[in-house]
> 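Have a look at this one.
Note on naming: letters A, B, ... go to the chains in the order of the sequence lines (proteins, then strands), and numbering restarts at 1 for each one.
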Number of protein chains: 2
Amino acid sequence: MTATTDRRGELLRIAATLFAEKGFKNTTVRDIAEAAGILSGSLYHHFDSKESMVDEILSTFRAQLFAAYGDVLASDDDARAKLERVVRLSFEAIDQHPAEVAIFQNDADHPGSFERFGYLAERGVQSRDIWLSLLNEGVETGALRPDLDVHLVYRFIRDTVWVAVRWYRPGGDLSHGDVADQYLSILLEGIASSAD
Amino acid sequence: MTATTDRRGELLRIAATLFAEKGFKNTTVRDIAEAAGILSGSLYHHFDSKESMVDEILSTFRAQLFAAYGDVLASDDDARAKLERVVRLSFEAIDQHPAEVAIFQNDADHPGSFERFGYLAERGVQSRDIWLSLLNEGVETGALRPDLDVHLVYRFIRDTVWVAVRWYRPGGDLSHGDVADQYLSILLEGIASSAD
DNA sequence: GTCTATAGCATGATAGAC
DNA sequence: GTCTATCATGCTATAGAC
């Protein structure tokens with residue numbers, strides 16, 4: 001890592017925080033420059049455009065995340081254990097990369113606004129297939145209830161996990177492991193008392 | 001309802017759809033006018049500003065929603081029945097006012113971007129109190145598991161219910177009642193098989 | 001690597017004719 | 001109630017000095 005690379009990374013970190021807080025469109029190039037202590041024109045020495053910045057932020061994060069998913073899937077755990085690990089991995093990602101997750105949630109989802117991020121949709125499909133295969137395997141092996149619509153279960157899990165980025169604060173009272181524990185307990189066992 | 005009022009409502013409906021699809025900031029006054037078949041300047045005969053449009057859209061919806069909540073809370077159902085009714089009510093709101101819910105989810109949440117919507121935060125607190133009192137009552141009466149963090153359960157329920165606006169499509173294969181059934185089943189009983 | 005200066009464009013909003 | 005025309009502003013991005 002040269003000094004140039006470090007500066008790039010620092011600027012991307014600053015931009016990511018602002019994008020996460022205010023949204024991509026709502027964050028101006030001048031905002032980013034001001035937060036970095038330079039003027040807007042100077043940013044273009046490091047990056048081609050505002051879009052190339054968010055592009056680099058998201059693609060870097062996405063690559064890390066899917067590499068981690070790959071490790072879990074390649075293991076020989078059973079479906080339920082894999083499912084738990086993927087959930088824990090996701091809360092860990094929220095803990096360690098909250099800005100990136102927030103940008104995904106807030107900006108990369110809008111149908112019209114991010115046509116150029118088609119590769120994100122592809123990865124979304126890939127992610128869905130991972131979850132669906134785990135859920136189906138869980139049903140087949142008898143670990144999960146057979147009477148539920150797995151597609152619906154998938155959407156509930158996906159949304160609930162990622163949307164936690166809206167309220168989870170790294171370094172707060174709850175660790176990402178605590179949140180994952182409680183979440184998995186609710187998801188797997190439900191909130192009704194077992195005596196009910 | 002005069003013709004003037006109808007025209008207002010029609011324009012607001014058009015604007016709400018665009019705000020929901022592309023986001024508030026991403027939707028231009030010219031976009032709204034074009035979708036309505038008029039020119040941008042003409043919109044200002046009906047509304048003071050773009051913000052006043054989204055203001056009216058959200059406050060109208062919010063009033064309807066909280067009125068419906070009020071009916072449930074005023075009933076003499078027990079906590080679990082009320083909880084189920086509030087969940088069903090929320091999915092019904094997504095079915096009948098998807099644009100409004102989407103705007104809430106996508107735009108009214110950003111901390112920095114919507115300072116003028118302070119009243120939404122107040123309502124958010126009110127909504128949280130409703131849920132927390134229901135959950136606490138459920139725990140006290142033995143209907144719900146006592147070992148869970150109710151604040152976390154609240155956030156889990158709130159997020160999962162409302163985020164469904166991202167994929168639920170009115171008139172599709174699943175009715176809002178179907179979704180509510182499955183969701184409540186997952187939430188209350190969990191996805192693990194009971195033999196597990 | 002940052003600054004000065006500015007081009008070029010899109011935006012929210014206004015005034016007055018019809 | 002809509003259109004024509006336009007203003008003022010803020011935006012992304014560029015060019016060249018330092």
Side-chain angles (χ1 to χ4, degrees), chain A residues 1-59 103 106-108 110 112-117, chain B residues 1-59 103 106-108 110 112-117:
Chain A
M1 297 289 172
T2 68
T4 301
T5 306
D6 286 337
R7 185 57 168 158
R8 266 184 81 85
E10 190 186 346
L11 292 172
L12 285 176
R13 220 179 28 77
I14 291 168
T17 305
L18 289 172
F19 290 154
E21 277 174 9
K22 318 184 357 167
F24 176 73
K25 184 87 176 195
N26 244 332
T27 303
T28 70
V29 174
R30 292 193 240 271
D31 289 336
I32 302 169
E34 189 187 18
I38 58 180
L39 291 188
S40 65
S42 308
L43 272 180
Y44 290 86
H45 174 75
H46 303 275
F47 305 98
D48 283 347
S49 68
K50 187 176 134 181
E51 285 221 331
S52 77
M53 297 186 78
V54 73
D55 225 342
E56 190 167 334
I57 291 165
L58 292 185
S59 62
I103 297 168
N106 297 332
D107 286 306
H110 281 214
S113 82
F114 265 79
E115 291 89 353
R116 76 177 304 228
F117 293 145
Chain B
M1 295 289 170
T2 69
T4 301
T5 306
D6 286 337
R7 184 57 169 157
R8 267 184 81 83
E10 190 187 347
L11 292 172
L12 285 176
R13 223 181 23 80
I14 291 168
T17 305
L18 288 171
F19 290 153
E21 278 173 8
K22 317 182 359 165
F24 176 74
K25 185 84 176 196
N26 251 324
T27 303
T28 70
V29 173
R30 287 173 176 82
D31 288 337
I32 302 168
E34 189 187 18
I38 59 178
L39 290 187
S40 64
S42 308
L43 273 179
Y44 290 85
H45 174 72
H46 303 276
F47 306 98
D48 283 347
S49 67
K50 186 176 134 181
E51 285 221 331
S52 77
M53 297 186 78
V54 73
D55 226 341
E56 191 167 334
I57 291 165
L58 292 185
S59 61
I103 297 168
N106 298 331
D107 287 305
H110 280 215
S113 81
F114 266 77
E115 291 90 353
R116 76 176 304 227
F117 293 145

> If you round to the nearest 0.5 Å, how far is CG of Leu11(A) from CE of Met53(A)?
6.0 Å
> Provide, to the nearest angstrom, the distance between the CG atom belonging to Asp6(A) and the C1' atom belonging to dG1(C).
15 Å
> Provide, to the nearest angstrom, the distance between the CG atom belonging to Leu11(B) and the P atom belonging to dG1(D).
10 Å
> Examine distances only and state if a side-chain atom of Asp31(B) and a backbone atom of Thr28(B) form a donor-acceptor pair shorter than 3.5 Å.
yes
> Starting at NE2 of His46(A), measure out to CD of Glu56(A) and round the result to the nearest 0.5 Å.
12.0 Å
> Between C1' on dT12(D) and CZ on Phe19(A), what's the gap in Å once rounded to a whole number?
12 Å
> Nearest whole Å is fine: how far is dT14(D) P from His46(A) NE2?
15 Å
> Check whether any side-chain heavy atom of Phe19(B) lies under 4.5 Å from a side-chain heavy atom of Ile32(B), and answer yes or no.
yes
> So, the side chain of Lys50(A) versus the backbone of Phe24(A): is there a donor-acceptor pair under 3.5 Å, distance only?
yes
> Give the B/S/- string for nucleotides 3-18 of chain C, one per nucleotide from 5' to 3', where a protein heavy atom under 4.0 Å of the base yields B, of only the sugar-phosphate yields S, and otherwise -.
BB------BBBB----
> Is any side-chain nitrogen or oxygen of His45(B) closer than 4.0 Å to OP1 or OP2 of dT2(D)?
no
> State plainly whether the residues Arg13(A) and Glu10(A) are in salt-bridge range, i.e. N to O under 4.0 Å.
no
